[in-house]
Each structure stands twice: as structure tokens, then as C-alpha cells.
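Below is one structure, written out as C-alpha cells, with a few remarks after it.
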There are 2 protein chains.
Amino acid sequence: MLVTNIYGGVVDSEPGGRRGRTRMLLLECALDLFERQGYERTTVGQIAATAGVTEMTFFRHFAAKDRLVVEDPYDPVIAGAVAAQPRTMAPLARAVAGLRAAWGRLPEPESTTVRRRVRIAAATPPLRAAISANNAATEQILVDQLVADGADPGSARVAAAAVLAGITAALLDWSQRDGVALTDVVSAALDTLEGRR
Amino acid sequence: MLVTNIYGGVVDSEPGGRRGRTRMLLLECALDLFERQGYERTTVGQIAATAGVTEMTFFRHFAAKDRLVVEDPYDPVIAGAVAAQPRTMAPLARAVAGLRAAWGRLPEPESTTVRRRVRIAAATPPLRAAISANNAATEQILVDQLVADGADPGSARVAAAAVLAGITAALLDWSQRDGVALTDVVSAALDTLEGRR
DNA sequence: CCGTAAATGTTAGTCACTAACATTTCAATC
DNA sequence: GATTGAAATGTTAGTGACTAACATTTACGG
């Protein structure tokens with residue numbers, strides 16, 4: 001059955017069913033094609049044909065072409081972690097501390113699919129823009145959290161935007177390197193955001 | 001005569017000529033329509049028709065619809081100012097100091113067109129994404145500058161992305177308020193990025 | 001075997017954007 | 001003042017992402 005989560009993404013409640021299989025097949029075919037000939041030179045029609053499916057069916061599984069690569073399931077973890085930080089900190093420091101705490105609770109991405117996606121995004125300007133757009137929802141959550149605890153709205157927004165952009169930059173950087181743990185890259189990024197490097 | 005600048009933008013070397021007039025007319029018509037009925041519900045064909053011109057002509061003046069709202073002519077000033085900062089600072093601090101110095105050399109936007117554009121962008125998610133994409137060029141310049149002076153590439157990229165995202169957030173914030181000078185908003189944002197607020 | 005709903009297919013459209021080629025405008029020169 | 005050449009605009013025909021409305025197939029429980 002088709003379920004729309006709070007980020008606007010579409011998730012299959014029954015990953016083993018027919019719908020889940022078609023979705024996975026489309027994703028696999030798409031990533032292969034993107035890696036072989038680039039994101040922009042790959043058409044949705046081509047992806048659908050490779051998966052043995054209609055273009056219309058593609059759009060029933062992915063709201064847009066870029067959703068094959070960009071998604072963001074981490075929002076609630078981040079928001080909760082930021083909320084748990086001391087309210088006396090300045091917005092930037094608090095956002096950084098919150099993200100540092102949040103990251104400890106996230107799993108190191110084991111599947112290569114994550115890395116493939118990020119790698120493709122890193123090489124494709126419009127996809128990097130899509131990631132920024134995607135960060136907007138998380139940013140709003142962060143801002144609300146900071147403001148609810150007395151931060152100046154302007155400062156809160158600046159801090160949230162800066163921290164998320166920094167983390168995103170680190171993520172893109174990580175995808176280009178081999179043998180480095182995502183945790184380490186993110187940790188270093190948070191150090192930088194605290195002015196410690 | 002048509003000139004392409006280093007940011008990929010198209011500039012008229014003779015603003016008083018026919019080409020310059022058509023461009024200004026298209027821009028005016030577009031901003032009016034955007035404010036009246038929203039960016040996304042306004043088609044390029046509609047803009048062109050309002051300006052008494054063909055759709056094709058529109059694309060000869062603006063490479064894409066979003067270029068009516070998004071542009072970034074400040075890169076060289078920023079890069080030069082960052083280069084002038086002491087090389088002993090941490091990347092984030094240096095980027096902030098550079099931007100603070102750069103901003104002092106920029107004119108307070110006198111034309112209302114700037115504010116109209118930013119206001120429209122603030123209200124339109126895809127345009128906010130376009131601004132981020134547009135920041136990429138500036139970010140690269142910043143990174144090159146920081147790395148050339150011995151900063152770690154990873155830290156440099158994180159710092160550059162964070163600072164630009166913070167400034168952009170401040171700019172969007174400014175467009176929503178009345179009676180506040182852009183300089184003050186940006187200055188406050190830089191304070192936040194330094195962890196001072 | 002049957003009925004039903006989920007999943008997919010079909011068709012026809014809109015909108016942003018491109019390419020190739022034809023036409024008009026304008027200004028300098030003759 | 002007519003001529004010419006380039007800049008500016010027009011025309012036509014297309015591609016690709018995406019949507020809407022409706023038809024058909026697939027799978028699964030009774």
C-alpha cells in the first residue's frame with residue numbers, strides 16, 4: 001500500500017510486494033544508467049523501458065526524477081537531538097551540538113546504494129540544488145526548535161542554514177573519498193563549524 | 001552587444017540599446033506577474049506575450065525562467081576580501097572575516113528591484129534552490145582561496161558552504177522585513193556564524 | 001471461480017527549453 | 001537617401017519532465 005511520509009516522500013509499507021519490487025527495480029536501473037551515462041543524459045522514458053515499465057508507472061513510484069537520488073529521512077532524529085541540548089548555548093553552537101548528538105544515533109550507511117546516490121548527486125549540479133531544497137524541511141524544524149527555546153528568529157535561521165549546508169558539503173565530500181567513515185567526515189565538519197579547525 | 005560574464009550570466013554592454021530595453025521590459029513584466037499570481041503559475045509564454053515578444057526571444061535574454069529572479073554578481077568582491085584576511089585564522093573565521101570586509105564595499109541595494117526579486121525567491125522553494133545552486137560558483141572561489149593558503153580542503157568546503165548558506169538565509173530574512181538595512185541583517189548573521197549570538 | 005482493489009497501461013495534454021532557419025530592424029557607410 | 005551587414009527578433013518543429021482522466025490487467029481473499 002502506498003504511504004506518504006511527513007517529508008513528502010512515498011514509501012511502500014510492504015517492501016516485499018509487487019509495488020516494492022517495481023520500485024527497487026526502477027531504482028536499480030536508474031542508478032546503473034546514471035553511472036554509465038550521467039543523470040542528465042538519462043531520460044525517465046529510458047529508465048522505465050529498462051525496467052520494463054511505462055513512464056507513467058515511474059511517476060507513480062517517484063514524484064520526480066531527482067527523487068531517485070535525493071531523500072532525507074533523518075529529520076526527526078536531528079530535531080530531537082537539538083531539543084536535548086542546553087538552552088543556554090548560542091544558536092550555532094546548539095545546532096552543532098544537537099547534530100553531533102544526532103549523528104551518534106544514526107547508522108553508518110552500510111548499503112552501497114547510499115554512496116552511489118550521493119556520488120551521483122555530487123557530480124550533478126541540479127541534484128546538489130535538489131539536496132538544498134530538501135534541507136529546507138529540516139531547516140524549518142531546527143529553526144522552530146531553536147526559536148521555541150528563546151533564540152532570535154534571524155539568528156536561528158542563519159545558524160540552521162549554515163549547519164545543514166556544512167553537513168551537506170561534508171556528505172558530498174565523503175562520497176568522493178574512499179576508505180573514510182562518514183562519521184569521521186561529519187565529525188570533522190562539526191569541528192569546523194565550531195571554529196575549531 | 002551580447003556579453004557572457006564569468007558566472008554564465010548574460011549582460012548587455014549597451015543598456016540603452018534595443019536589446020537592453022527588451023530585457024528590462026521582460027524583467028518588469030515578469031516581476032509584476034510573479035507578484036500578482038506567483039512564480040510557478042506564471043508561464044514564460046505569458047511573460048513574453050505581456051512584453052509583446054516571442055517566447056524564443058525571452059530565452060535569448062534569460063537562459064532560464066529562474067534567471068529573472070536569481071543572479072549573483074558579487075563573487076569577485078567576496079573572493080578578494082577573503083584573500084585579504086590573515087592566513088592564520090581557522091577557515092570558518094577567515095571566511096566570515098572576509099565576507100564582513102567584502103560587505104563593507106558593497107552598495108546598499110537602492111533599487112526596489114533587488115528587494116522584489118529576493119522577496120519572490122523567498123516565497124518560492126524552487127527559487128531558493130536556484131539560489132543555492134548559484135552559490136556553488138562563489139563557494140568554489142572561496143574554497144580555492146582558503147585551500148591555496150593552507151586550509152584543509154574538507155574544512156574549507158564546509159566553512160565556505162556554511163557561511164554562504166548563512167548569508168543567503170539572512171538575505172531571504174531581510175526581504176521579509178520592513179525598515180531594516182541589509183547591512184545590519186548581514187552583520188548580525190556574521191555574528192551568529194562566529195558563535196557570538 | 002469470482003469479485004475487488006491495487007497496480008499498471010494508454011492517451012492526450014502543458015510547460016520549460018533547444019535547434020535550425022527565416023525575417024525584420026537599425027545604424028553606419030556610401 | 002539608398003545600401004548593406006549585423007544584431008535582434010520571428011517561425012517551426014522538436015525533446016523531456018510531468019499531469020490528468022480513463023481503461024486494463026494483475027493478484028489475492030472468499
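Chain A is the first sequence line, chain B the second, and so forth, proteins listed ahead of strands; every chain is numbered from 1.
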inquiry  = What is the separation between atom CD on A:E40 and atom P on D:dG16, rounded to the nearest whole Å?
reply    = 13 Å
inquiry  = Please pick, from D:dT9, D:dA17, C:dT8, the nucleotide with the shortest atom-to-atom distance to any side-chain atom of B:H61.
reply    = D:dT9
remark   = Regarding the side chain of A:R60, the nearest nucleotide among D:dC18, C:dC17, D:dA21 is D:dA21
request  = Could you please name the option among D:dA17, C:dC26, D:dG10 that lies closest to any side-chain atom of A:E55?
outcome  = D:dA17
inquiry  = Please find the pair of heavy atoms, one from A:A169 and one from B:V158, that lie closest to each other, and give the distance.
reply    = CB-CA, 4.2 Å
Distance in angstrom units between B:R21 CZ and C:dT25 P, rounded = 14 Å
ask   = Do A:R115's NZ or CZ and the ring of A:W174 fall within the cation-pi criteria of under 6.0 Å and 45°?
value = yes
inquiry  = I want to verify a distance call: between D:dT9, C:dT10, C:dA16, whose nearest atom is closest to the B:K65 side chain?
reply    = C:dA16
Spacing of A:F58 atom CZ relative to D:dG16 atom P, expressed in whole Å = 14 Å
query = Within this structure, what is the CG-to-P distance between A:L68 and D:dA17, rounded to whole angstrom?
reply = 11 Å
ask   = In whole angstroms, how far is the C1' atom of D:dA21 from the CZ atom of A:F59?
value = 17 Å
ask   = What is the distance from CE of B:M56 to C1' of D:dA8, rounded to the nearest Å?
value = 12 Å
key: From D:dG10, D:dC18, D:dT19, nucleotide with atom closest to A:A64 side chain   = D:dC18
ask   = With sugar-phosphate meaning primed atoms plus P, OP1 and OP2, does A:T57 contact a base, only sugar-phosphate, or nothing at under 4.0 Å between heavy atoms?
value = sugar-phosphate
task = Let me know the distance between CZ of B:R23 and P of D:dT9, rounded to the nearest Å.
result = 12 Å
ask   = Which nucleotide, C:dA16, C:dT8, D:dG10, lies nearest any side-chain atom of B:T54?
value = D:dG10
request  = Establish, with yes or no, whether the OP1 or OP2 oxygen of C:dT8 is under 4.0 angstrom from a side-chain nitrogen or oxygen of A:T22.
outcome  = yes
request  = Would you kindly give the CZ-to-P distance between A:F62 and D:dT19, to the nearest whole Å?
outcome  = 15 Å
query = Should the heavy atoms of other residues, nucleotides or ligands under 6.0 Å from CZ of A:R41 be counted, would the total exceed 12?
reply = no
inquiry  = Could you check whether B:K65 makes a cation-pi contact with B:Y39, meaning its NZ or CZ is under 6.0 Å from the centre of the six-membered ring and within 45° of the ring axis?
reply    = yes
message = So A:T43, base contact, sugar-phosphate only, or nothing? Heavy-atom distance under 4.0 Å.
response = sugar-phosphate
query = Got a donor-acceptor pair under 3.5 Å from the side chain of A:R41 to the base of D:dG16?
reply = no
